[in-house]
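What's counted below: heavy atoms across the whole structure, side chains too, no hydrogens, waters or symmetry copies.
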Amino acid sequence: QVQLVESGGGLMQPGGSLRISCTASGSIFSSNVMGWYRQAPGKQRELVATITSSGSTNYADFVEGRFTLSRDNAKNTVSLQMNSLKPEDTAVYYCNALVRASMMSSWRAYWGQGTQVTVSS
């Protein structure tokens with residue numbers, strides 16, 4: 001089994017910064033894509049950013065250059081640096097990873113339990 005553990009969420013005023021991280025552990029032969037989704041109450045879960053093992057990143061339009069996603073393949077860790085935070089960034093942020101346990105295994109997506117990010121005055 002694979003576990004994703006998130007950290008770094010919290011409360012920040014508008015315009016402030018937060019850094020959230022996610023570490024994958026367990027039966028991991030390889031991990032192709034890792035990233036972050038978020039979900040606010042009453043809204044659908046939406047993509048924030050993803051990064052491949054080669055370092056290629058993809059960001060949602062609402063990021064508007066404010067966030068930076070990085071990856072440490074050796075540690076199976078991704079970090080999302082969030083700057084210029086807005087109240088609308090308030091949500092539970094979920095880590096996601098596409099993982100396979102061996103070359104004979106199929107790729108499977110795993111989710112973290114989520115970390116709360118609240119942006120408010």
Mind checking whether [X] and [Y] sit in one hydrophobic cluster, side chains of I, L, V, M, F, W, Y counted as touching below 4.5 Å?
{"X": "L47", "Y": "L98", "answer": "no"}
{"X": "I51", "Y": "V99", "answer": "no"}
{"X": "I20", "Y": "V119", "answer": "yes"}
{"X": "V92", "Y": "M12", "answer": "no"}
{"X": "L18", "Y": "F62", "answer": "yes"}

- Is a donor on one side and an acceptor on the other found under 3.5 Å between the side chain of Q3 and the backbone of S25?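 Between the backbone of S25 and the side chain of Q3 there is no qualifying donor-acceptor contact (under 3.5 Å).
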
So, for [X] and [Y], which heavy atoms are closest and what is the spacing to 0.1 Å?
{"X": "L69", "Y": "G35", "value": "CD2-CA, 4.4 Å"}
{"X": "A49", "Y": "Y59", "value": "CB-CD2, 3.5 Å"}
{"X": "S53", "Y": "R71", "value": "N-NH1, 3.4 Å"}
{"X": "S17", "Y": "Q81", "value": "CB-NE2, 3.9 Å"}
{"X": "V117", "Y": "M82", "value": "CG2-CE, 4.0 Å"}
{"X": "T115", "Y": "W36", "value": "CG2-CZ3, 4.2 Å"}

- Ignoring hydrogens and angles, state whether a donor on the side chain of T52 or S54 is under 3.5 Å from an acceptor on the partner side chain. yes

- Message: Is it the case that the side chains of T77 and T23 hold a donor-acceptor pair, with the cut-off being a distance below 3.5 Å and no angle test?
- Response: yes

- Tell me, which pairs form a disulfide (SG to SG under 2.5 Å) where one or both residues lie in residues 11-106, sequence neighbours left out? C22-C95

In this structure, are over 12 heavy atoms from other groups packed under 6.0 Å from [X] atom [atom1]?
{"X": "E64", "atom1": "CD", "answer": "yes"}
{"X": "Q113", "atom1": "CD", "answer": "no"}
{"X": "K86", "atom1": "NZ", "answer": "yes"}
{"X": "E88", "atom1": "CD", "answer": "yes"}
{"X": "R19", "atom1": "CZ", "answer": "yes"}

- With sequence neighbours excluded, residues passing side chain to side chain contact (heavy atoms under 4.5 Å, CB included) with N96: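 Listed in chain order: Y37, A109, W111.
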
- Report the distance from atom CZ of R45 to atom CZ of R38, rounding to the nearest 0.5 Å. 13.0 Å

- Item | Y93/E6 under side-chain contact (heavy atoms from CB on, under 4.5 Å): CA gap, chis, key distance, verdict | CA-CA 9 Å; Y93 284 69; E6 300 128 326; over 6 Å; no

- For residues 63-89, which residue pairs qualify under ring pair (Phe, Tyr, Trp, His ring centres under 6.0 Å), counting only residues two or more places apart or in two chains?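 Qualifying pairs: none.
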
